[in-house]
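See below for the structure under consideration.
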Amino acid sequence: MAIVVKLDEVLHDRRMSLTELAEKVDITLANLSILKTGKARAIRFSTLEAICATLACQPGDLLAFEPD
């Protein structure tokens with residue numbers, strides 16, 4: 001896949017668990033886990049905005065383009 005989700009790295013840098021982020025963003029742990037593992041097919045801008053606000057980061061910190 002060409003779009004890589006770097007949520008794990010950002011969470012590690014912020015010393016925050018996936019469960020803690022799920023609670024703060026008000027998204028299910030299952031959906032956040034799907035995003036983290038790169039299995040998500042889409043993400044709503046409102047969800048991306050909430051994650052960025054909570055983690056104090058930019059969308060580019062969470063997503064990267066890596067050609068196959």
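Just so it is clear, the values below take in all heavy atoms, side chains as well, and ignore hydrogens, waters and symmetry mates. Being a predicted model, the structure only gives us computed values, none of them experimental.
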Evaluate the side-chain proximity of [Y] to [X]: yes if any heavy-atom separation is below 4.5 Å, no if none is.
| X | Y | answer |
| --- | --- | --- |
| Ile51 | Ile27 | no |
| Leu21 | Leu32 | yes |
| Val5 | Leu63 | yes |

Leu35 side, atom CG; Leu7 side, atom CG - distance, nearest 0.5 Å: 6.0 Å

How long is the gap from CD1 on Ile3 to CG on Leu62, to the nearest 0.5 Å? 12.5 Å

List the residues meeting salt bridge (charged side-chain N to carboxylate O under 4.0 Å, His left out) with Glu20, not counting sequence neighbours, and say none if there are none. Lys24

Polar side-chain atom of Ser33 near backbone of Leu29 as donor-acceptor pair, under 3.5 Å: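 Not a single qualifying donor-acceptor pair exists.
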
Who passes side chain to side chain donor-acceptor pair (under 3.5 Å) against Thr28, sequence neighbours left out? Asn31

Can you pull out every salt bridge (Lys or Arg N to Asp or Glu O under 4.0 Å) where at least one residue sits in residues 2-15? Sequence neighbours excluded, please. Asp8-Lys36

Within residues 43-65 or reaching into it, pairs that qualify as salt bridge (Lys or Arg N to Asp or Glu O under 4.0 Å) - sequence neighbours excluded: none

Single-linkage hydrophobic cluster Val25~Ile34, side-chain heavy atoms < 4.5 angstrom: no

Mind listing the closest non-hydrogen atom pair of Cys52 and Pro59 along with its distance?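 Closest heavy-atom pair between Cys52 and Pro59: SG-N, 3.6 Å.
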
Identify the heavy atoms of Cys57 and Val10 that sit nearest to each other, and give their distance. SG-CG1, 4.4 Å

